[in-house]
Amino acid sequence: MGNAWDPERYLKFRAERRKPYEELMALVRPSAGMRIADLGCGPGELTVDLAKRFDAGSVVGVDHSAEMLARAAAEDDPRVSFACADIAEHPLHGFDLIVSNAALHWLPEHPALFARLRDGLVEGGQLAVQMPNNFAQPTHTTAFTLAGESPFAEVLGEARSGAAVETAERYAVLLHTLGFREQVVREPVYLHELPNAAAAVEWVKGSLLTWYEARLGPELHAEFVRRYERRLLDTLGPAEPFPLTYRRMILWARR
Ligand SMILES: C[S@@+](CC[C@H](N)C(=O)[O-])C[C@H]1O[C@@H](n2cnc3c(N)ncnc32)[C@H](O)[C@@H]1O
């Protein structure tokens, strides 16, 4: 079971979410006619951006959400194609650049996953990954705590969240162990000025909470969001504007 993605809701904060992507792209070393894969491409805006930015030979966007891809299909660039598939299973072979922006934190077993990504690259090929890593902040801990309470825990079982990111040190060692010759591992914190704390709830509804939405069903999820919102707003207070801090993991490596 995946997440209940809604492209319109997700794209509400596109300007804020663009910053880490730009920082990631600045690490990429362009070459002529690159074959690019965009894993977890979502609504496809960045997939098309990759084609234009690098004057790519081809870009394939891979995503398992039909809702997200329906939006992506509207993008029109002959070099760009989309595949509805799971990142863990979609065949990857002969790419010059594999990009994944804000998606791999939803996949388990990163050592095996990153080995697969390496095998999908040509010699000298590059991997560029960005993952949200804000799991210690109230926007996230509030959801994890609530997931362990009744009546949600009865449905969710032991699981508190579908997302996980390892430490920066573990990625540095993993990339080295996998034989990448060069690497950059960064864990910057971004400051997003939102109009108020309620906007932070909207942000999380469009990302982290989609995992609970897919599991709880409409009625229980509505109750989850009600309690989440009340509890989070109590914690965050009435700040206007609201400074949302957001830690992210940025990884670049070359085979
Ligand atoms: C937060 S969105 C990011 C979309 C896009 N990369 C961007 O930065 O705008 C995460 C996307 O990853 C996709 N995703 C998550 N897990 C996936 C998996 N195992 N296989 C394929 N797609 C996945 C979701 O469907 C969703 O569209």
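Values below: every heavy atom of this structure, side chains too, minus hydrogens, waters and symmetry copies. In listed order, ligands and their atoms are each counted from 1.
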Item to check | Within residues 168-182 or reaching into it, pairs that qualify as salt bridge (charged side-chain N to carboxylate O under 4.0 Å, His left out) - sequence neighbours excluded | outcome: Arg29-Glu182, Glu166-Arg170, Glu182-Arg254
Item to check | Contacts of type ring pair (Phe, Tyr, Trp, His ring centres under 6.0 Å), residue Phe242, not counting sequence neighbours | outcome: none
Checklist entry - With a cut-off of 4.0 Å, which atoms of ligand 1 are near a heavy atom of Ala102? => result 1 (C), 2 (S), 3 (C), 10 (C)
Checklist entry - Which part of His64 is near ligand 1, with near meaning a heavy atom under 4.0 Å away: side chain, backbone, both or neither? => result both
Item to check | Test salt bridge (charged side-chain N to carboxylate O under 4.0 Å, His left out) applied to Glu23 and Arg186, step by step | outcome: CA-CA 10 Å; Glu23 189 170 333; Arg186 285 186 194 153; 3.4 Å; yes
Next on the checklist: One residue to check: Ala85. Relative to ligand 1, which of side chain, backbone, both or neither has a non-hydrogen atom less than 4.0 Å away?
Outcome noted: backbone
Item to check | Atoms in ligand 1 flagged as close to Asp63, the criterion being non-hydrogen separation under 4.0 Å | outcome: 11 (C), 12 (O), 13 (C), 21 (C), 22 (N), 24 (C), 25 (O), 26 (C), 27 (O)
Checklist entry - Are Glu154 and Ser150 close enough that a side-chain donor and a side-chain acceptor fall under 3.5 Å? => result yes
Checklist entry - Between the side chains of Gln126 and Trp252, is a donor N or O closer than 3.5 angstrom to an acceptor N or O? => result yes
Checklist entry - Looking only at heavy atoms, is any part of Leu107 under 4.0 Å from ligand 1, and if so is it the side chain, the backbone, or both, or is it neither? => result side chain
Checklist entry - What atoms of ligand 1 come closer than 4.0 angstrom to any heavy atom of Gly42? => result 4 (C), 27 (O)
Checklist outcome for this item: In ligand 1, the atoms that come under 4.0 Å of a heavy atom of Leu46 are 7 (C), 8 (O), 9 (O)
Checklist entry - Glu240 and Asn196: side-chain donor and acceptor closer than 3.5 Å? => result no
Item to check | For ligand 1, the portion of Ala88 having any non-hydrogen atom under 4.0 Å away | outcome: neither
Checklist entry - Can you check salt bridge (charged side-chain N to carboxylate O under 4.0 Å, His left out) on Arg226 and Glu223, steps first, answer last? => result CA-CA 5 Å; Arg226 252 192 307 277; Glu223 180 57 20; 2.9 Å; yes
Item to check | Option with minimal heavy-atom separation from atom 20 (N) of ligand 1, where the choices are Val99, Leu39, Ile87, Asn101 | outcome: Ile87
Checklist outcome for this item: In ligand 1, the atoms that come under 4.0 Å of a heavy atom of Ala103 are 12 (O)
